[in-house]
Amino acid sequence: MAARGHVQDPNDRRLRPIYDYLDNGNNKMAIQQADKLLKKHKDLHCAKVLKAIGLQRTGKQDEAFSLAQEVATLEPTDDNSLQALTILYREMHHPELVTKLYEAAVKKVPLSEEYHSHLFMAYARVGEYKKMQQAGMALYKIVPKNPYYFWSVMSLVMQAISAQDEKLAQTMFLPLAERMVEKMVKEEKIEAEAEVQLYFMILERLGKCVEALDVVRGPLGEKLTSELRSRENKCMMMYQRLQLWPECNALSYKLLLKNPDDWQFYLSYFDSLFHLMDKSWSQPEEGEHCVEGPVQTTVAEAVKFVVDRMEEQDKKESRPLRGPYLACLELIHRLRQRGCPDEKELGDPLELMVQFFGKFGDKPCCITDLKIYLHLLPPEQRSQFKKRLGELVPLGEAGEDGFGFPGDTKALQRHLCVCQLSRALGLQHALDTEGKLRLITELKAHYHHGLQFGDENMLWQCLSVLEEGLSFSPSNAQFKLLLLLLFCRLGAFQPVVDLYSSLDAKHVQHDTIGYLLTRYAGSLGQFAAASQSCNFSLRFFHSNQKDTSEYIIQAYKYGAFEKIPEFIAFRTRLNQSLHFAQVRTERMLLDLYTEADVTLSLEESVKAMGVCPEEDDIPWDNMRDNRDLTVLVSWDPKDRELTEEHRRLSLEEESVWLKVRSLTLRLLASLALLGHAPSPRNSDKTNENGISAKSSTLQTLLSQLDQTLETAVQITEKQTQYPFLGPPSSRLASALSSGSCHCQASALQLSLTLRELETTGLGDGGRESGCKGEVLEMKDGRLTTRPSLLETLVFFVETVCVVLWVASYSASVLRPLKSSLQKKKKKKKDSSSAMPVVLCGFQEWTGSLQGVVTQALDHVKGQEASLTALKLAALTLEEGYSQTQEECGFTRAAMDKVQSSYLGSLQELGDLLRKRADSLKSLKI
């Protein structure tokens, strides 16, 4: 809670019980205690604020805010009130109000270091960089401490980074920051490493690489001690920027002699070497080559250097380092790219890789190290390479099944590495069906042996193996990810939420891998679980703004200035995340489909969400795809790996689907706001009531939706196939094939063209036929799944909701028209005139809608009955797939999960359809 002032302050004793109640979560008692205290001490402002905090935490936001504003208008200067108000405003997500509090406090107590400091941090939370600069200098004038001065300098740098005009940043903000630091340098007032880091950052952003290099190599550079080789790394960066290749080469050479395992310096060594060769650089006749020492300029020198490093490692009795051996392969790769014959002096790549495997094959890193150099092997050597590696794997005598097994974990790791390299070389894909089945049997046998140390039938076997693996290795993330993937592909979402929870995704992982869960969240009928899965990600995104502000403040306090732009960039990256926009949109649509017109009206639901049809708050032009599409480890050969083109197409597809969903949400919000439209006889007042503008918004959004659907059709016609372990396809193709998008668009068009109601209906009565069929079927003791039926059924239910809301709006418009018509008939005593076509059309339309919903409900009931009657114990896998009794148990467990999930999906869809059917019955004009 808030700081409680000085011990001698008597108010501390009075307030302490309220603090304790709030700290313990007993908000009601905190409110009561505050009320008691305020009866005796009406002017005790902090008690009012603490009461407001209690009200805020019990859901009474409006009451809490008005109480807080009462105190804020008095411009308090006591620390207790200010700290309590700061906590309250942060909980209310109004950090901008904290700045006003401390602005007033600083005016009343102008020499307070504490209040000036709080004001600076308040500005930091809202990103007011100009005011931060001013507050920092004001603080420095009161208390001349270096950190305060450099807060002001860093705020200038942040103004430059956030400036829309790059010219302004380069000509005003950064030069001013440079002059401010130079003043401190001349006065010899630079004290801390953070101040040197900031000076370097400013010079680097100004492009003054020579000056930056002088700073690092000069006396100030001696303060750069917090990170290992910080000074050398900065020198290397500047040498590369300035293209000082001799210095870059000499420094890399020098550092590699000290640490021959530092990979980044091998790369800079090779880069600089070839740049010097391309420029035909020659060594000076007199003096040193360069300030960093001797320079190497020929391939022969590089070959000797690398070979010498390898020989040093060969002579070592202690653990050898991988760097020199990989550097040899890297140099061969680069020489081969340049067509240089000297590569032969380094040796045969096959022999070098076999040598590397001999030394490091029992390390998990061996596969990732060698994989990037497999292209050095010609196709005719690949089988020989695998055979040579196999000779280095100590396996025991072959048993009855013909397989030999490793005797310890190191041998097991070597065998695993050979299998992975074999797959990466494409040797496993080249096997015929019989060979692949034998390989599967062999790998399963090796897996079961290794446990002592630590077609759809094939799909069920995959699930069985993974379930078994997870039972022995409950923390294995890859097992969980693969299970999650397979269950989602089968349309079984129920077991997926627990699997994702058990991954214990932390912080930014909700953005990078959350798509694995949320892609299927709303599409498989598990609405409660879908809501929970969206919350996993949304909680992280919503806390991002608050948390990042705190990181920035801590960076200022501890002088980690170079981290501040990184924190800002991180916050921007998350705010512009594709996944954030998707989850937020899907969650709101999910709430509308399941709750609107059930617990709240559509209009109330839209207002509670704060959706504004006119505003599109998704940053389409700056959208960031933060998905980690390689989270599932793949050892596939290069031609089967995920490509940049796959990534681009996936982003394009997901963006268009997001556009469709976003426009659907805004159209539903627009429809809800049309609910108060005046009747036609008041049409002369439509403009002043804003109804014309609302209709115009609806028309604009419908036009945008039509254009987006045209784009969507073009994308789906490409029929892009992604690698199995790559990104999942979006819902775009299934949405278009089910007809739900065009059907919803047609229904929403009715709200603008009621006169055409008799010619436009729910659409083809056969829409629901796409949902028909068995989602889980057993024939001849074998199980077949059809998960696409579930997704189509979900689209059907969504469409029913949309059409029902349009029908409800239509009824609200037609009801007064019918009433007016009946009054006129009574006055004229004319009972023979026919009902207007539009009213008859509406009744026919709602009648046909009721019929379709009833058919769907009957179909869902039939599916539930079929699923419940399935006896999985009678299942068998095809001949040739022998399983032990234990393996059969894991297979049936997986089947049970799929069956249970399908049943849960159908029950939730059935419940929602019944609620919509009830709403439809009450829809009369």
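Starting from 1, each residue takes its place in the sequence as its number.
- Between R338 and D278 there is a salt bridge, with a side-chain nitrogen of the basic residue lying less than 4.0 Å from a carboxylate oxygen of the acidic one.
- A donor-acceptor contact under 3.5 angstrom links the side chains of E653 and Y722, judged on distance only.
- Shown here is K718, whose NZ atom has more than 12 heavy atoms of other residues, nucleotides or ligands within 6.0 Å.
- Residue-environment remark: NZ (K436) exceeds the threshold of 12 foreign heavy atoms within 6.0 Å.
- Atom CD in Q264 sits 9.5 Å away from atom CG in L256 (nearest 0.5 Å).
- With rounding to the nearest 0.5 Å, the separation of CE in M154 from CD1 in I202 is 8.0 Å.
- Side chains of N622 and R624 form no contact here, defined as non-hydrogen atoms less than 4.5 Å apart.
- In this structure, H507 and F540 have perpendicular ring planes: the angle between them is above 60°, well past the 30° mark.
- The local environment of CD in E188 is sparse, with at most 12 non-hydrogen atoms from other residues, nucleotides or ligands closer than 6.0 Å.
- The pair D369-K363 does not meet the salt-bridge criterion, since no charged nitrogen lies less than 4.0 angstrom from a carboxylate oxygen.
- Summarising the geometry, atom CD belonging to E292 is positioned 11.0 Å from atom CG belonging to N249; distances are rounded to the nearest 0.5 Å.
- Side-chain rings of F570 and Y551 stay apart, their centers remaining 6.0 Å or farther from each other.
- With hydrogens and angles left out, the side-chain atoms of K563 and Q197 include no donor and acceptor closer than 3.5 Å.
- In this structure, H375 and H333 have perpendicular ring planes: the angle between them is above 60°, well past the 30° mark.
- The only member of Y373, Y325, Y266 that meets side chain to side chain donor-acceptor pair (under 3.5 Å) when paired with E330 is Y373.
- Annotation: the span from M238 atom CE to C235 atom SG amounts to 9.0 Å, rounded to 0.5 Å.
- For the pair R334 and F270, the NZ or CZ position fails the cation-pi test of under 6.0 Å to the six-membered ring centre and within 45 degrees of the ring normal.
- Figure legend: cation-pi geometry between R322 and F356 absent, as NZ or CZ is not positioned both under 6.0 Å from the six-membered ring centre and within 45° of its axis.
- Of the N and O atoms on the side chains of D628 and T630, at least one donor lies less than 3.5 Å from an acceptor on the other residue.
- With 3.5 Å as the limit, one finds no donor-acceptor pair spanning the side chains of Y515 and E654.
- For S272 and H275, the side-chain atoms include no donor-acceptor pair closer than 3.5 Å.
- Residues Y239 and L213 have side chains in contact (heavy-atom distance under 4.5 Å, counting atoms from C-beta outward).
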